[in-house]
Protein chains: 2
Amino acid sequence: MRRTKSESEETRQHIVDAAETVFLDMGVSRASLERIAQEAGLTRGAIYWHFSNKQQLFNAMTDRVRSLHSALLEAQIDETSTDPLGFIEERAFEIVRLFEENEHTRKVYQIIVTRCEYVGEMQEALVWQRSLHDTMAAVFERAFELAESRGELSNGWDARSASTTFLCFISGMLNDWLRYDFNSEFAKSVRCSLRCLLNCFGASSR
Amino acid sequence: MRRTKSESEETRQHIVDAAETVFLDMGVSRASLERIAQEAGLTRGAIYWHFSNKQQLFNAMTDRVRSLHSALLEAQIDETSTDPLGFIEERAFEIVRLFEENEHTRKVYQIIVTRCEYVGEMQEALVWQRSLHDTMAAVFERAFELAESRGELSNGWDARSASTTFLCFISGMLNDWLRYDFNSEFAKSVRCSLRCLLNCFGASSR
DNA sequence: CCCTTTACATACATTGCTGTTTGTATATAT
DNA sequence: ATATATACAAACAGCAATGTATGTAAAGGG
C-alpha cells in the first residue's frame, strides 16, 4: 500500500486538517491520536510516522497558519510615509480580512484561544504568541511615533497611549470574536469602530 | 478524625485554594485530583466528599470569584446621571483595580484564559463568560446611549461604535494582561490609555 | 530483478487517572 | 449513653490513551 512521496505529503496535510477539526471539537488534551487518525481515514501508525507525538502535530498545525499572520507584519512603515495613520488602518483591515476569509486561520486561532492549556510543552506556543504580539506592537508603535512626530496625532493622544489603546482594541476584538464565536455581523461592527477610533486619533488636524 | 461543621467548610475552601494553584500550574485537564488533594494536604476521598468530580470543583472555584465581578456590574447607570462618561470611567477603573488587588480574581481569570479547554461540560463556563460579557456590554452601551442623547459624545462617535470600541479595549486589556502575564507596569499604562480614550470620546464638548 | 527503504497498519505493554467501595474515628442528635 | 450521620482515608477495579514494536506491501535505486 506504500504511497509515493507526494502522496505521503498529501496524507501529512490530511492529518493536519483532521487535527484542526478534532482539536476544535474536543480540545487539544482530550483529542486522542486515535480519533484524529480516524478523522483522516488512517490509523495511529500513520500519525506516528509523520509526527513524533501530539505536541509536534499541534506545532505543525500552528506553523501552517503562522506564516500567513507573520507576512502581514513584515510590511514595516516607510520612514517617509506621508500617512502613518492610513498605514495603521490598512494593516488593521488586513488582519480583519484575514480572519474573515481564511478558515484555517479562524479555526487554528479559535483553538489557540479556547481549546488549549498552556502548560508544559504547550508553553512554547505562548512564547511565540507573545513574540508575535510584540512584533505587532513594534510595527504599530513605530507608526504611531511617526504620526506623533509629524504632528498628526490629535491633542490628548501621545504615541504610547495611542498604540496601547489600539493594540488592546485589536487583541480584544480577535479575542471576543473567537471566544464567543461572533458572526460576520461582528466584523462589520468592528470595521466601523476601527474607522471611528483611527479618525479620533488624528481628528484635530482637520 | 472527623471535623466539626466549620472545620469542614474550611477544608472545602482549602480544596478550592489548592485547585486554583494546581489548575494554574498544570492546566485543568492535566490536573489530577490526587495532585490537588496532595496540595491541600488531604486525599482524594476528601475531594470526592465535597465535590462530585473535577468539573464541580472547577465550577466552585469560578463561582467564588464570579460574585466579585458581577457586583461591579450591578451598578446600573442612573437615568438622571449628569456625567455618563464619568460613570463609565469609574466602572472601568474598578475593574482594573479588582484585577490588580485581588489575587484570586487574577489567578482564576488566568486559568480561564490560558489553562482551560472549552469542550463538553466545560462549555458551560463559556456560556456564563459570554453572559457576563453581554451584561457588561449592556451596562456600558446604556451609558454611552445616555451620553449620546445628552450630546456629550464627540462628533465622529456614536453610541454603538463607542461602546464596541470600549468593550474591545477592556477585553483586550484583560486578555493581554492575563495571557502574557504582564506586570503592574502594564496596569499603569492601561489607566493612562483609558483616560485618553474616554477623554477622546467626549473631547468636542469642551 | 533484487534489495532496501518508505509509508503506513496492527498488536502489545504500560501507565495514570477516575469513580466507587469500604473502613474508621468523631460530632451530634436523642 | 447509644445510635447515627459526618468527614474524611485507604483500597480496589476499570478504562482509555500513549508509545513502541512488529508486520507488510509497494516504491525506488542499483
Side-chain angles (χ1 to χ4, degrees), chain A residues 1-61 111 115-117 119-122 124, chain B residues 1-61 111 115-117 119-122 124:
Chain A
M1 309 273 191
R2 190 206 161 196
R3 312 286 150 156
T4 172
K5 216 158 199 182
S6 70
E7 282 177 322
S8 163
E9 178 57 26
E10 266 186 53
T11 58
R12 194 192 136 97
Q13 295 301 323
H14 288 333
I15 292 172
V16 178
D17 289 338
E20 272 185 20
T21 301
V22 177
F23 284 160
L24 193 59
D25 206 49
M26 314 183 58
V28 176
S29 294
R30 297 195 201 185
S32 66
L33 295 183
E34 178 65 41
R35 178 77 184 72
I36 294 174
Q38 175 184 327
E39 177 78 23
L42 300 161
T43 67
R44 281 192 308 133
I47 297 182
Y48 275 106
W49 172 254
H50 286 280
F51 308 94
S52 55
N53 53 32
K54 199 205 282 184
Q55 182 65 41
Q56 295 309 310
L57 174 53
F58 177 86
N59 289 344
M61 181 190 73
I111 290 169
R115 307 290 199 268
C116 277
E117 299 178 2
V119 286
E121 314 272 292
M122 210 51 128
E124 294 171 30
Chain B
M1 310 270 190
R2 189 206 162 196
R3 310 288 150 155
T4 172
K5 216 159 198 179
S6 70
E7 281 176 323
S8 164
E9 178 58 25
E10 265 185 53
T11 59
R12 194 191 137 98
Q13 297 300 323
H14 287 333
I15 292 172
V16 178
D17 289 339
E20 274 185 17
T21 301
V22 177
F23 284 159
L24 193 59
D25 206 51
M26 315 182 58
V28 176
S29 293
R30 296 195 203 186
S32 66
L33 295 183
E34 177 65 41
R35 179 76 184 72
I36 294 174
Q38 175 184 327
E39 178 76 25
L42 300 162
T43 67
R44 280 191 310 132
I47 296 183
Y48 275 106
W49 172 254
H50 285 280
F51 309 95
S52 55
N53 53 32
K54 200 205 281 184
Q55 183 63 43
Q56 296 308 312
L57 174 53
F58 177 86
N59 291 342
M61 180 190 74
I111 290 168
R115 306 291 198 267
C116 274
E117 299 179 2
V119 287
E121 315 272 292
M122 211 51 129
E124 294 171 29

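Lettering follows sequence order; numbering is per chain, from 1. Side-chain atoms are counted along with the backbone in the values below, which use heavy atoms only and exclude waters and symmetry mates.
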**Request:** Would you mind reading off the distance between Arg30(B) atom CZ and dT18(C) atom P, rounded to a whole angstrom?
**Result:** 14 Å

**Message:** Classify Ala31(B) by what it touches in the nucleic acid, base, sugar-phosphate, or nothing, heavy-atom distance under 4.0 Å.
**Reply:** sugar-phosphate

**Request:** Give the rounded distance in Å between these two atoms: CD1 of Ile47(B) and P of dA10(D).
**Result:** 14 Å

**Request:** Give the nucleotide from the list dG19(D), dC8(C), dA27(C) with an atom nearest to the side chain of Tyr48(A).
**Result:** dG19(D)

**Prompt:** Can a side chain N or O of Thr4(A) be found less than 4.0 Å away from OP1 or OP2 on dA26(D)?
**Reply:** no

**Message:** To check you understand the geometry: which heavy-atom pair defines the closest contact between Asp25(B) and Val119(A), and what is its length?
**Reply:** O-CG1, 3.4 Å

**Prompt:** Is any side-chain N or O of His50(A) closer than 4.0 Å to OP1 or OP2 of dA7(C)?
**Reply:** no

**Request:** Starting from C1' on dA9(D), measure out to CD on Gln38(B) and report it in whole angstrom.
**Result:** 15 Å

**Item:** Integer-rounded Å distance: dT5(C) P and Lys5(A) NZ
**Value:** 14 Å

**Among dT18(C), dA7(C), dA17(D), the nucleotide that comes nearest once only the side chain of Ser32(A) is considered** = dA17(D)

**Asked** Is there a side-chain contact between Glu9(B) and Lys5(B) (heavy atoms, below 4.5 Å)?
**Response** no

**Asked** Leu42(B) side chain: which of dG19(C), dC8(C), dC8(D) is closest?
**Response** dC8(D)

**Request:** On DNA chain D, check which nucleotide each of Glu9(B) and Leu33(A) is closest to and give me the residue with the more 5' one.
**Result:** Glu9(B)

**Request:** For Glu7(A) and dC8(C), give me the distance from atom CD to atom P, rounded to whole Å.
**Result:** 9 Å

**Item:** Nucleotide dT15(C), atom P - distance to CZ of Arg35(B) in whole Å
**Value:** 21 Å

**Prompt:** Across the strands shown, which category fits Thr43(A) at heavy-atom distances under 4.0 angstrom: base, sugar-phosphate, nothing?
**Reply:** base

**Request:** Taking all non-hydrogen atoms of both residues into account, name the closest pair between Ala18(B) and Glu39(B) and its distance.
**Result:** CB-CG, 3.7 Å

**Message:** From C-beta outward on Ser8(B), which listed nucleotide comes closest to its side chain: dC17(C), dC8(D), dG19(D)?
**Reply:** dC8(D)

**Item:** Whole-Å distance separating the CZ atom of Arg3(B) from the C1' atom of dA5(D)
**Value:** 17 Å

**Item:** Length of the CZ-P vector between Phe51(A) and dA7(C), whole Å
**Value:** 13 Å

**Request:** Check whether any side-chain heavy atom of Phe23(B) sits under 4.5 Å from a side-chain heavy atom of Cys116(B), and report yes or no.
**Result:** no

**Asked** If every non-hydrogen atom of Ala37(A) is compared with every non-hydrogen atom of Arg44(A), which pair is closest and at what distance?
**Response** CB-N, 3.7 Å

**Asked** Among the nucleotides dC12(D), dC17(C), dT18(D), which one has an atom lying closest to any side-chain atom of Arg44(B)?
**Response** dC12(D)

**Message:** Just N and O in the side chain of Trp49(A): are any of them under 4.0 Å from OP1 or OP2 of dC8(C)?
**Reply:** no

**Complete:** Of dA27(C), dC8(D), dC8(C), the nucleotide closest to the side chain of Ala46(A) is dC8(C)

